[in-house]
Amino acid sequence: MAIPVKLQVFEGPLDLLLHLIDKNKIDIYDIPIVTITEQYLEYIKQMQTEDMNVMSEFLLMAATLLDIKCKMLLPKEVNEEGEEEDPRAELVQKLLEYKMYKYMSFELKDRQVDAGKTLYKPATLPPEVAAYRPPVDYEELMGDMNLARLHEIFKSVVKKQEDKIDPIRSKFGKLEKDEVNMDEKFLFVEAYANAHEKFGFRALLEEQSTKMDVIVTFLVILELMKVGKINIEQQEIFDDIIITSNKDVKVPVNLLAEANIG
Amino acid sequence: MERAKQEAVIEAILFTMGESVELSKLAEVIEEDKKNTKAIIEEMMERYGEENRGVSIIELDGAYQMCTRGELYEYLIKVAKSPRKYVLTDTVLETLSIIAYKQPVTRLEIEKIRGVSCDHAVNRLIELDLIKELGRLDAPGRPLLFGTTEQFLRSFGVKSLEDLPELNPEQLEDFKEQAEEEIQLKLDV
Amino acid sequence: MERAKQEAVIEAILFTMGESVELSKLAEVIEEDKKNTKAIIEEMMERYGEENRGVSIIELDGAYQMCTRGELYEYLIKVAKSPRKYVLTDTVLETLSIIAYKQPVTRLEIEKIRGVSCDHAVNRLIELDLIKELGRLDAPGRPLLFGTTEQFLRSFGVKSLEDLPELNPEQLEDFKEQAEEEIQLKLDV
């Protein structure tokens with residue numbers, strides 16, 4: 001499949017999917033999921049975006065497509081009415097809905113052009129009328145509002161703000177600020193390697209508390225391997241990494257400084 | 001109040017205020033019920049059109065406003081300042097069309113339809129006074145509900161929400177087929 | 001340009017400008033010399049009078065302006081002075097609560113807490129004399145600071161700001177924990 005040299009900018013994963021469907025002149029109700037998934041993956045491979053939020057949305061759709069692809073290979077599921085369920089049905093509905101609003105947005109755009117040709121006029125009230133402010137009936141305005149209720153409202157606003165903060169990401173943010181000390185980690189791992197001749201990466205991690213600790217520890221392991229202080233092996237993907245320590249090798253002092261750059 | 005005077009009063013009020021005036025306020029001033037007032041205004045709107053007047057009256061969700069006739073734009077622009085034009089990006093327009101047709105609607109619902117986050121677009125639309133908060137949904141987290149404003153109706157030449165271009169998925173398919181046929185025709189020629 | 005269109009253009013220009021427009025400008029736009037333009041406008045002025053329209057055109061030292069007919073003044077006053085029905089919407093109340101408990105506070109801080117723009121609500125609260133500007137923050141852009149007014153204290157039966165109930169830090173921690181638990185639940189599913 002040929003990829004256009006200049007990639008179009010898409011509004012989102014659904015927009016990209018619709019583009020592929022149009023381009024391939026496919027019936028939206030009968031999407032050849034294998035072809036479309038391949039093309040979709042090809043596109044996002046070419047996408048050059050630094051924005052992880054945007055990228056994750058495209059990747060989520062890729063996962064959905066792959067999921068549908070898998071389900072298409074399996075025997076069809078049957079729903080309560082005994083009908084076969086098309087794994088693509090939900091996606092088709094989403095695409096149709098999105099397409100509808102996208103189409104309406106073009107309609108609105110046309111209308112905006114016409115409506116933009118109408119001019120209005122600022123108010124030209126006599127100054128004494130313009131300056132007049134009708135008195136506010138505060139009793140009527142307040143109704144059954146009172147301080148206790150205003151306080152309830154404030155609490156719920158603050159609670160909503162807390163809700164919006166994703167505790168996982170926000171913790172991650174905090175960790176980035178109080179950096180894990182690379183020197184200390186280095187010394188820690190080195191001492192651990194000296195004390196244990198052979199040990200698993202997971203065992204080492206049991207002594208670590210945060211995600212940043214884990215990442216830094218992993219970097220330290222890589223460094224130590226580079227200088228020959230340790231050897232590592234892993235039987236299979238996701239197996240524990242087995243680390244063997246070479247007691248005779250001394251870690252050069254300047255390595256500490258070097259490691260800090262990372 | 002005699003009819004001729006009622007019309008003169010309505011014209012004078014709409015001219016002076018410049019902005020939209022509620023039907024109920026106009027009715028009060030011309031000492032008429034709302035139904036009759038509406039009938040009078042609609043007759044005026046029609047007459048303005050027939051007489052090819054320079055101004056016309058538009059309806060905005062139960063309120064009325066006086067404005068210039070669109071066809072005269074090219075002449076007016078030679079004297080009058082052109083209204084501030086802002087270009088809405090596709091993202092913003094898509095978000096706006098979802099809000100217009102689904103209101104009241106939460107951010108989450110918009111994001112579900114578009115498949116991407118809409119925070120930026122929603123904030124921009126509020127800034128442009130095209131949408132506003134309508135309150136909060138009575139659901140966990142009490143999310144904000146959004147809907148369109150009077151400025152939206154004005155900017156898009158829509159009388160009321162019922163006057164929005166029809167939304168019909170089947171029709172959409174028809175349009176598409178038509179468009180395809182048209183292209184085919186051109187190619188065949 | 002045909003005569004009917006010339007009149008429409010003149011009407012539209014005088015309407016949208018609101019203020020006086022030079023004869024020479026009008027002549028230029030309707031592509032006519034000044035003498036003819038003057039004749040056209042004078043005929044329009046006469047016709048407006050005969051038809052007892054709500055607006056009329058007046059001459060001001062070689063310029064023309066559209067205005068309402070003097071006799072209708074009392075009706076305009078009625079509209080402009082008719083009491084407005086104010087309602088405290090959710091949006092306005094939320095904004096007020098933030099200002100009350102966090103004052104002095106800038107627009108930006110309010111928006112950070114609510115997640116959407118607050119211009120409209122802040123303006124409405126100032127109009128209602130429930131909040132006021134307290135000065136400017138000594139920070140880049142020197143943003144305005146807002147706080148509550150005496151009218152606010154009166155309306156809510158508060159003697160002074162110290163009487164406002166505190167939101168204690170422990171409660172804040174509770175909110176945080178609740179939020180975390182909710183998300184954790186979602187992840188576990």
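Naming convention: chains lettered A, B, ... in sequence-line order (proteins, then strands); numbering from 1 in each chain.
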Legend entry - Full working for side chain to side chain contact (heavy atoms under 4.5 Å, CB included) between A:E107 and B:F156: CA-CA 10 Å; A:E107 287 269 298; B:F156 290 87; over 6 Å; no
Would you indicate whether [X], at its atom [atom1], is surrounded by more than 12 heavy atoms from other residues, nucleotides or ligands within a distance under 6.0 Å?
X	atom1	value
B:Q103	CD	yes
B:K78	NZ	yes
A:D27	CG	yes
A:F218	CZ	no

Which atom names give the shortest non-hydrogen contact between [X] and [Y], and what distance separates them?
X	Y	answer
A:K117	B:Y73	O-CD1, 3.4 Å
A:Y98	B:I113	CD1-O, 3.6 Å
A:K121	B:F15	NZ-O, 2.5 Å

Please output the residues of [range] in contact with chain A, using a heavy-atom cutoff of under 4.5 Å, in numerical order.
range	result
residues 92-99 of chain B	B:L93, B:E94, B:S97, B:I98
residues 116-131 of chain B	B:V116, B:S117
residues 30-49 of chain B	none

Proximal component of [X], with respect to chain A [non-hydrogen, under 4.5 Å]:
X	answer
B:L72	neither
B:F152	side chain
B:R154	both
B:Q65	side chain

Heavy atoms only, distances under 4.5 angstrom: which of [options] has the most pairs with chain A? Name it, please.
options	result
B:G18, B:P143, B:S155	B:S155
B:G157, B:A100, B:G70	B:G70
B:M17, B:R142, B:E71, B:R114	B:R114

Looking at [options], which has the largest count of heavy-atom pairs under 4.5 Å with chain B?
options	result
A:S105, A:G116, A:G12, A:S56	A:S105
A:D114, A:V113, A:D110, A:T118	A:T118
A:E97, A:K25, A:M61, A:K94	A:E97

Inset, instruction - Assess whether salt bridge (charged side-chain N to carboxylate O under 4.0 Å, His left out) is satisfied between A:K102 and B:D90, documenting all intermediate values. - result: CA-CA 9 Å; A:K102 194 176 166 66; B:D90 288 353; 5.3 Å; no
Inset, instruction - Could you pull out all residues at least two apart from A:Y40 that satisfy side chain to side chain donor-acceptor pair (under 3.5 Å)? - result: none
Inset, instruction - Given side chain to side chain contact (heavy atoms under 4.5 Å, CB included), test A:Y101 with B:I110 step by step and report yes or no. - result: CA-CA 11 Å; A:Y101 288 114; B:I110 301 168; over 6 Å; no
